[in-house]
Amino acid sequence: MDFLKIFIQSMLIDNVVFIQYLAICPFIGMTSETGKATGMGLATTFVIVLATAVTWPIYRLVMVPNQLEFLQTLIFILVIASLVQLVEFYLKKSAPALYSSMGIYLSLITTNCAVLGITINCIKKNYNYGQSLVYAFGSAIGFLLSMVIMSGVRAKLKTAEVPKAFKGTPILYVAAGLLSMAFLGFKGLIK
């Protein structure tokens, strides 16, 4: 039951985009089409879970015993950058169309604050290894969910009559704000 609670809380209640306001750059930049949004969400999901699987033991088994906690951010970024390179190589070989459609945003997973934020949150919340993986997976699915939802909203906005002052980027931020308020409704779900 503990794992289910962590999963739901990380996916909906503490959604990485709508509640924690992380990863706004890919959220706005990669949601113009559902296919690109899903591809970016899946690639980021893979990196988030793998980064947590690698950084948690490094932190607990190497950094803490040697009192190197002050290097946490630097080490975590190096691990994340390495993992993103692996994803990039894989997509370039197996899905060249997706690779080219992601463009610069694929490389930006390295600096995606959601990836780093989730790995650090696992440490801050003092989760064990299993809980950290569930938290990371739930947060990553929450990121994917937010990307797909926003791509659907953007598809509807293409045909909607939007006041001239709100056309383009302003309506995206208004829609994102409304989605954030909707996700706040999940706050009472788990206590």
Side-chain angles (χ1 to χ4, degrees), residues 7-52 80 83-84 86-118 121 134-190:
F7 180 78
I8 290 172
Q9 184 159 357
S10 61
M11 182 177 64
L12 297 175
I13 299 168
D14 295 329
N15 184 279
V16 72
V17 175
F18 294 131
I19 303 301
Q20 296 182 44
Y21 306 113
L22 298 174
I24 299 299
C25 179
F27 174 71
I28 296 298
M30 289 297 296
T31 54
S32 60
E33 298 171 19
T34 304
K36 286 183 3 181
T38 304
M40 180 62 149
L42 290 172
T44 305
T45 297
F46 178 75
V47 171
I48 287 171
V49 174
L50 200 54
T52 301
I80 292 164
L83 294 172
V84 168
L86 290 173
V87 170
E88 213 169 328
F89 292 141
Y90 175 77
L91 287 178
K92 194 173 193 177
K93 287 282 189 191
S94 65
L98 180 60
Y99 173 79
S100 62
S101 74
M102 287 182 154
I104 188 71
Y105 289 101
L106 184 58
S107 299
L108 288 177
I109 293 175
T110 302
T111 58
N112 185 336
C113 55
V115 180
L116 181 61
I118 290 165
N121 278 347
V134 170
Y135 177 83
F137 184 65
S139 295
I141 295 299
F143 176 75
L144 174 63
L145 179 69
S146 65
M147 295 286 283
V148 171
I149 289 171
M150 188 60 167
S151 69
V153 168
R154 287 182 77 164
K156 291 288 185 187
L157 286 174
K158 286 178 185 175
T159 59
E161 287 187 37
V162 178
K164 187 176 179 183
F166 289 102
K167 285 194 184 291
T169 306
I171 194 66
L172 295 179
Y173 286 111
V174 169
L178 292 171
L179 288 168
S180 291
M181 288 191 328
F183 268 71
L184 281 172
F186 291 120
K187 280 288 186 194
L189 195 59
I190 294 178

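The first residue of the sequence shown is numbered 1, and numbering continues consecutively from there.
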How close do Lys167 and Val162 get, heavy atom to heavy atom, and via which atoms? NZ-O, 3.3 Å
Side chain proximity check, Val17 to Leu22, heavy atoms < 4.5 angstrom: no
Less than 4.5 Å apart, side chain to side chain, heavy atoms only: is that true for Leu172 and Leu157? yes
Thr38 versus Val148: any side-chain heavy-atom pair under 4.5 Å? yes
Would you say Leu12 and Leu145 make side-chain contact, with heavy atoms under 4.5 Å? yes
Take a 6.0 Å sphere around OH of Tyr21 and say whether it holds more than 12 heavy atoms from other residues, nucleotides or ligands. yes
From the list Phe143, Phe18, Tyr173, ring pair (Phe, Tyr, Trp, His ring centres under 6.0 Å) with Phe27 holds only for Phe18
In Val115, Ile48, Leu50, the residue satisfying side chain to side chain contact (heavy atoms under 4.5 Å, CB included) with Ile80 is Val115
In terms of heavy-atom contacts, Ala23 and Ala114 come closest through CB-CB, 3.7 Å
Main chain of Asp14, side chain of Gln20: is a donor-acceptor contact present, judged purely on distance under 3.5 Å? yes
Show your reasoning for whether side chain to side chain contact (heavy atoms under 4.5 Å, CB included) applies to Ile19 and Lys187. CA-CA 10 Å; Ile19 303 301; Lys187 280 288 186 194; 3.9 Å; yes
Please check if the side chain of Arg154 supplies one atom and the backbone of Thr34 the other of a donor-acceptor pair under 3.5 Å. no
Closest heavy-atom pair, Asn121 versus Tyr135, reported as atoms and distance to 0.1 Å, is ND2-OH, 3.1 Å
Side-chain contact, heavy-atom cut-off 4.5 Å: Phe46 with Leu83? no
Do Ser146 and Asn15 touch side chain to side chain, with heavy atoms closer than 4.5 Å? yes
